Amino acid sequence: MDDDRRAPGDRHRGAADHPVPRAPVHRRRVGARVRRDGGVRARRARAVLAARAGPPGEGSGLTPADLPPRFEPGAIERRWQAAWEAAGVARAPETPRAAPFTVVLPPPNVTGDLTLGHLLGNTVMDLLVRVHRMRGEPTLWLPGIDHAGLATQARVRSFLEAQGVRLDGLPREEILTRVERWKREHERRIAEAWAAAGLSLDRTRYRYTMDPEYGRATRRAFVALYRAGLVYRGERFVNWDPQLRTALSDLEVEHAEEPGRLLYLRYPWADGSPGGVLVATVRPETIFGDVAVAVHPDDERHRAAVGRRVRVPLVGREVPVIADAAIDREFGAGSLKITPRHDLLDYEVFRRNPGLPMPPDVIDADGRLASDWVPEAFRGLDRNDARERVADALRAQGFVEREEPFVHSVARSERSDAVIEPRLSTQWFVRMGPLAPAAVEAVRSGAIRLYPPRWELTFYRWMEALEDWCISRQIVWGHPIPVYYCGRCGAETAAEEPPPRCPACGHDRLAADPDVLDTWFSSWLWPFASLGWPEESPDLAHYYPTTVLVTGRDIMFFWVARMMMAGFYFTGRPPFAAVQFTGLLRDERGRKLSKHLGNSPDPVQLIAERGADAARFALLFPGPVEQDSVFADATVENARHFLTKVWNLVRFAASHLPEGTEPPDRPPALSPSSPLENRWVLARWRRTLEEVDAALAAYEVTRAATALHGFLWHDLADRYVEVSKDALKGERGEPVRRESRAVLLFVLERSLRLLHPAVPHVTEELWHALPHRGDLLALAAWPTADGVRDDPEAVEAMETVYDAVRTLRNLRAGVGASADPSPPAWVRPAGAAAARTLEAERETMLRQSRVGSLRFLAPDAPPPADAAPAVTPAGEFFVARPPGGAAASDASLRREREKLAGLLRKTEERLRDPGFRSRAPPEVLKEAEEKARELGERLRRIDDHLAPGADRPTA
RNA sequence: GGGCCGGUCGUCUAGCGGUGAGGACGCCGCGCUUACAACGCGGAGAUCGGCGGUUCGAAUCCGUCCCGGCCCA
């Protein structure tokens, strides 16, 4: 198994196990140099200066020429990361003066390196954190790592094995040293990956689940639960991993269907009479632990057998045939051999039937046959070999009646992949029953919201069926269980610090419990222990409860639900107000990204090759973050193209803004005579902002990214820039030029702010190439719509104009106008309103459609000769056919007619339906009538242009 | 066996009672127009998984089945 799902931050499979190339990011020492002096202002100023000095061959001025024609992320990203670091951008205030925004990073475990799945969650968190920081909220994003006890020990174990060293043979101290060394190396790599991704984590508040303070928090939690009777020790059936030699919780076990062999064994009568009882089993090696054979009490086939005795094959031990209602009559031969120490169901049957002897374990902690109940010949065999050998012996001695292939559910350790051995053993447990209700109630009442909300159902279902949680692990790496046993009276004492003497008898020789705690027992305290709990630390007082937890839904049970329970129990408050679940990443073939399949890019390498911003944007767009989505090479390519587009947009703008242009401190004030495109683009920007804000409020980061992508590329670059070029060149007069400059700068600068949380580096770089106020975009304010008015008329007019432009471009292409770059064109508007709009924007249409001239025709004027016609709701358009050019063709007009006629037919049918007329709301009715009228009108005009006498398609 | 998610142009997706079903990638055609060819403009391409139902009206609501994925037993 390559499953690294052990620490909260490690939700996605596929950590790269191969050596990671040296992180390509060489952090400049800018931060270190300036950190010594005091004062945020001075630090920031220096940071900016240092950053500006960055790219080789660049001047220090901020003239537009500074922006190179190519966008190279590497240097840019390093430079701004250093600047943010030096300016302390990510540093949360010691004493926030407003309601804070807090996020704790799900600590990745030190088992391995960061995966793309981590980067997905991290990007979402960074985006949210940066938005709220820009909104002026005191913002804390707390980083950390998880010691991931079992996972780490398992990894170190196989790492050492590869070098021929057996971890299990090493003394405890030596193991700890080795693990510690492993941890330091991976901790460094994780930190480098965070830095390379541009995450604005508050590194001064870095926490490690194994540091001394955290250890104390863990012991405090244990002791508190112990005293409340919510932690107990008992002999239970646990999931035993014989390879790692430890117990596991139910959640760490994976079930899968696997092929096996079902053996039908004859247990002969003890009295020697012929026959016996037929028993089916897939685990013949456990027969040495049998204490009975059980059948269902109502099973006619076996009725006579109950009460008689049979002999266990191979060993000849006598056991009774008993009746128990738990036996499945349909399965196998309808009878079950009872091996109480190695199967939960058998154990329950055993307990219901007093008088049976309790056998020893016939399979030991290593998964080998053991104990004197096992014949000499089989002792010490691994259970897998034993299964074959026992089956062979059974066959040889004639006990096997028949056998058949059988698919059964097999439980495996998600850590070692070893088949789990159900084992009766003494372990520590947390009683979940009393802890659950507060968490369930919080979700039910909305005190904690889940995004997307559908996960609530899954949450409730699991919470209803909670089993007690086995928290003791028989490994070295982890928090020791803080329980001490008196060497004299045997009293058991739970205490945060080792007691000097036994509280019961005063004896001073106490033995510590040899086990350590499940990693999740420290993880579930993360939201408050990372802030200083159990101390009443200032951070805990200021920043707890946290605002939102972003994590993969695959650890909802492992971690999220348990944090809720711990949060309410230990702090009396919810640990977070919201949980955003992210989806899984898949490749273009729909497979999960995983190390195993080799389809999971290493994020550090990805960032080195394509840039952090491109990687980040590719994770946010176009696939929805909250759903499983595809991450392919093309996705990154796409993101990169978008960033290049924005880059060039700024280059264009910068080249049209003269030296000394004022920063866009307030929205441009438009006048009634302002160009349509200025009114339009401001309105569109406003709507984009509203969409982004709404999306973020609902934790739909992809929707926010999509809105920005569309606006910047299609509205601003494709349309606004093209339409306003003349104005920016001054061809429409100085006042218009000034206004258009102001509008362009305002919209672009504000859009960079909106985009910054998603792709912080490029936007920071670009922001500095534009007139701006302030030291860093990262410290700029999140925009508001204040002073920018929505303008529905402008939006509608622009649609009309662009429909016209598209129609003319189309006609131009249709007549083969590439030969003649500027054919004359005409328009006959449909109605006064269209006429007004089109006439006002005649210049725009002329330029954008690249026709040579555009003349307006009176309603009753004859259509121009030798011109290709098109009919739109706004009017009739004509483009002259070049002499000797393409022959007149009505094909496209006829196709259009066909389509419109079909639409008209459908609309008229609807209008004739009495049900529709009486039940549809009046506005829908009116709309349909208007549509029918307009379609009819347009059809009539099309017919006018179709050659008279030619075959006309019928409506 | 139970639960959840998804099935919409070739691909990824938006839309979640009234639309000529929107976008991106890919494809085809035209264009190097000094921000961008990592680009622009235009075009083709979808009976919205199947079947039933509710409704004046269904991609959208309900039922059922099929396919893919995930989770739990």
Side-chain angles (χ1 to χ4, degrees), chain A residues 64 67 69-71 250-251 253-255 409 411 452 454-462 465 552-554 556-557 581 583-584 586 588-592 610 614 621-624 626-635 637-656 702-703 706-707 709-710 713-714 716-719 721-722 725 728 744 748 805-814 816-819 821 847-850 873 892 896 899-900 902-904 906-907 909-921 923-925 927-928 931 935:
Chain A
L67 229 43
R70 294 269 146 173
F71 156 44
D250 295 340
L251 285 175
V253 174
E254 293 181 335
H255 300 262
S409 177
R454 63 182 132 88
W455 291 112
E456 288 176 16
L457 252 119
T458 313
F459 174 79
Y460 294 139
R461 253 172 41 81
W462 189 70
R553 50 117 196 278
D554 51 343
M556 177 154 125
F557 304 140
F581 290 109
L584 252 47
R586 303 174 177 286
E588 55 267 83
R589 285 160 58 187
R591 303 172 307 175
K592 262 199 240 183
R610 318 302 261 305
F621 176 88
E626 50 278 342
Q627 241 167 260
D628 290 3
S629 64
V630 176
F631 188 91
D633 211 50
T635 320
E637 205 52 29
N638 236 320
R640 186 67 194 274
H641 290 181
F642 171 59
L643 299 180
T644 304
K645 189 72 190 177
V646 177
W647 180 270
N648 279 292
L649 198 48
V650 173
R651 284 187 70 216
F652 169 82
S655 71
H656 283 83
T702 294
R703 208 174 101 209
T706 307
H709 177 270
W713 202 316
H714 300 116
L716 199 54
D718 288 352
R719 206 172 273 192
V721 159
E722 292 308 325
K725 268 179 179 165
L728 291 167
L744 175 63
L748 191 50
V805 167
R806 201 175 301 116
T807 304
L808 290 169
R809 280 169 175 169
N810 243 322
L811 286 173
R812 235 179 121 264
S818 52
R847 301 277 310 195
Q848 296 310 312
S849 58
R850 294 170 175 275
S892 74
E896 178 75 0
K899 201 173 105 187
L900 296 183
L903 272 171
L904 180 60
K906 252 171 49 188
T907 311
E909 261 165 36
R910 221 157 30 121
L911 283 169
R912 272 199 299 276
D913 183 345
F916 178 69
R917 298 203 76 95
S918 59
R919 305 224 187 176
E923 62 272 20
V924 172
L925 193 64
E927 223 172 86
K931 187 166 152 187
L935 284 171

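All values derive from a computational prediction rather than experimental measurement.
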- Task: Would you mind building the protein contact string for nucleotides 2-8 of chain B? One character per nucleotide, 5' to 3', B for base within reach (heavy atoms under 4.0 Å), S for sugar-phosphate only, - for untouched.
- Result: BS-S---
- Query: Over how many whole Å does the gap from A:R651 atom CZ to B:C36 atom P extend?
  - Reply: 6 Å
- Note on the structure: Pairing partner of B:G40, by Watson-Crick or G-U wobble and under 3.5 Å for both distances, is B:C30
- Query: Nearest of B:G43, B:G40, B:C56 to any side-chain atom of A:D718?
  - Reply: B:G40
- Note on the structure: Re B:C51: Watson-Crick or G-U wobble partner, both distances kept under 3.5 Å, found to be B:G63
- Query: Is there a donor-acceptor contact under 3.5 Å from the side chain of A:R917 to the main chain of A:L911?
  - Reply: yes
- Least distance between heavy atoms, A:Q848 atom then A:R809 atom: O-NE, 3.0 Å
- Is the closest side-chain heavy-atom distance between A:H656 and A:K725 below 4.5 Å? no
- Query: Is a donor on one side and an acceptor on the other found under 3.5 Å between the side chain of A:T635 and the backbone of A:F631?
  - Reply: no
- Query: Nearest-Å distance, CG (A:L808) to P (B:G43)?
  - Reply: 13 Å
- Take the protein atom CZ of A:R850 and the nucleotide atom P of B:G40, then report the distance between them rounded to whole Å. 14 Å
- Task: Whole angstrom is fine here: how far is it from NZ in A:K645 over to P in B:A38?
- Result: 12 Å
- How would you label the contact of A:A653 with the nucleic acid (heavy atoms, under 4.0 Å): base, sugar-phosphate, or nothing? nothing
- Of all the choices, B:U33, B:G40, B:U55, which nucleotide is nearest to the side chain of A:R919 once you look at every atom? B:U55
- Message: Does A:K725 reach a base, just sugar-phosphate, or nothing at all? Heavy atoms under 4.0 Å.
- Response: base
- For A:Q848 and B:G42, what is the distance between atoms CD and P respectively, to the nearest whole Å? 11 Å
- Query: Nearest-Å distance, CZ (A:F642) to P (B:C39)?
  - Reply: 13 Å
- Message: At 4.0 Å (heavy atoms only), tell me whether A:R703 reaches a base, stays on the sugar-phosphate, or touches nothing.
- Response: nothing
- Task: Anything under 30° is parallel, anything over 60° is perpendicular, the rest tilted; go ahead and classify A:F642 against A:H709.
- Result: tilted
- Note on the structure: Comparing A:F652 with A:K899, nearest RNA chain B nucleotide closer to 5' gives the residue A:K899
- Message: On RNA chain B, does the nearest nucleotide to A:R719 precede the nearest nucleotide to A:P873 from the 5' side, or the other way round? Give the residue.
- Response: A:P873
- Message: Quick check: do A:K645 and A:D718 have side-chain heavy atoms less than 4.5 Å from each other?
- Response: yes
- How long is the line joining CD of A:E896 and P of B:G43, in whole Å? 11 Å
- Just checking A:E722: base, sugar-phosphate only, or nothing, at a heavy-atom cut-off of under 4.0 Å? base
- Task: Using atom CZ of A:F581 as one end and atom P of B:C71 as the other, report the distance to the nearest whole Å.
- Result: 14 Å
- Base, sugar-phosphate, or nothing for A:P921, non-hydrogen atoms under 4.0 angstrom? base
- For A:V650, report the nucleic acid contact type (base, sugar-phosphate, nothing); a contact means any heavy atom under 4.0 Å. nothing
- Message: It should be established whether A:N648 places a side-chain nitrogen or oxygen under 4.0 Å from OP1 or OP2 of nucleotide B:C39.
- Response: no
Protein N or O to nucleotides 23-25 of chain B N or O, pairs below 3.5 Å:
residue	atom	partner	partner atom	Å
B:A24	OP1	A:H714	NE2	3.1

- Query: Is A:R910 reaching over with its side chain to a backbone N or O of A:A928, donor-acceptor style, under 3.5 angstrom?
  - Reply: no
- Message: Any salt bridge linking A:E722 with A:R847? Criterion: basic side-chain nitrogen under 4.0 Å from a carboxylate oxygen.
- Response: no
- Task: Answer yes or no: does a side-chain N or O of A:R806 lie under 4.0 Å from OP1 or OP2 of B:G42?
- Result: yes
